[in-house]
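Hydrogens, waters and symmetry mates play no part in the numbers below; they use all other heavy atoms, side chains included. Whatever order the structure lists ligands and atoms in, that order sets their numbers, starting from 1.
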Amino acid sequence: MRVLVLTGAGVSAESGIPTFRGKDGYWRNFDPAKLATPEAFARDPQLVWEWYHERRQRIRKARPNAAHEAITRLAHHAEDFLLVTQNVDDLHTRAGIPAQRMVQIHGDIFVTRCSRCDWRAELCDAERSNFRDHPGLAGARPSTVSNEYEDGIPKCSQCAALMRPGVVWFGEQLPWNELERVENFLDGGACDVVIVAGTTATFGYIIDWALRGSRDGGELIEVNPEETPLSRFATQLVREPAAIALPHIVDQLIRSR
Ligand SMILES: [Zn+2]
């Protein structure tokens with residue numbers, strides 16, 4: 001069985017990670033869609049880092065839900081499998097998806113990288129307590145980031161520019177190496193099943209990948225409480241939250257193949 005799974009914020013929402021949409025997504029009266037931009041970081045990096053710090057904290061406290069677990073089961077069952085998630089949290093990883101079977105197309109919130117060069121630092125598990133002094137460094141290994149700061153934001157040890165969260169902001173390009181992994185998987189053959197879960201499919205590339213994955217008559221299963229631009233192409237529509245629907249869908253797929 002060859003399977004492609006595309007996930008979005010709806011999958012993490014059920015673990016208590018707020019989405020960017022609607023009033024619930026607001027943080028201190030700020031619209032996250034306006035904070036998650038290169039312009040906001042250029043204007044007020046301290047503010048943007050504080051927001052990301054709080055998100056990191058919240059994600060650390062959250063746990064993978066039944067949707068994450070179902071996708072992991074499918075990943076272990078299918079011969080060929082790729083999960084492409086738009087989520088920057090680590091819940092799929094903590095649910096046990098092998099790294100080589102997952103692409104985080106919008107980046108990883110637990111990476112801190114340079115805003116100018118390629119320098120990046122993975123974060124260790126322990127959250128640092130001195131956030132007040134160094135918000136950008138929260139959770140990072142100090143030696144891998146920098147000993148220098150500008151207004152509390154760590155500076156790159158290679159080029160001295162400000163460090164930033166390792167996520168893709170609105171208006172930015174998708175990371176080419178991750179894009180290449182998705183393209184390679186799609187070029188490797190059509191899928192028997194494509195599942196699109198918890199995403200409103202507002203980005204054209206999500207629709208494109210779902211359609212290319214199911215191009216040779218494969219099943220295209222959409223799991224989302226509301227209609228999306230992808231709905232009219234789906235062979236199966238499940239209007240339920242992912243954590244309710246996915247365990248059943250995965251059970252059926254594993255039993256049938
Ligand atoms: Zn740098």
- Query: Ring centres of F170 and H106 under 6.0 Å apart?
  - Reply: no
- Taking the Zn ion (ligand 1) as the center, what protein N, O or S atoms are found at less than 2.8 Å? C114 SG, C117 SG, C156 SG, C159 SG
- Message: So, applying side-chain contact (heavy atoms from CB on, under 4.5 Å) with L83, which one of R101, M102, H68 is it?
- Response: M102
- Task: Assess whether side chain to side chain donor-acceptor pair (under 3.5 Å) is satisfied between Q86 and T199, documenting all intermediate values.
- Result: CA-CA 9 Å; Q86 300 166 82; T199 174; 3.0 Å; yes
- Could you tell me whether the side chains of E226 and T200 share a donor-acceptor contact shorter than 3.5 Å? no
- Distance-only polar pair, side chains of T7 and T85, donor-acceptor under 3.5 Å: yes
- Query: Is N87 reaching over with its side chain to a backbone N or O of V11, donor-acceptor style, under 3.5 angstrom?
  - Reply: no
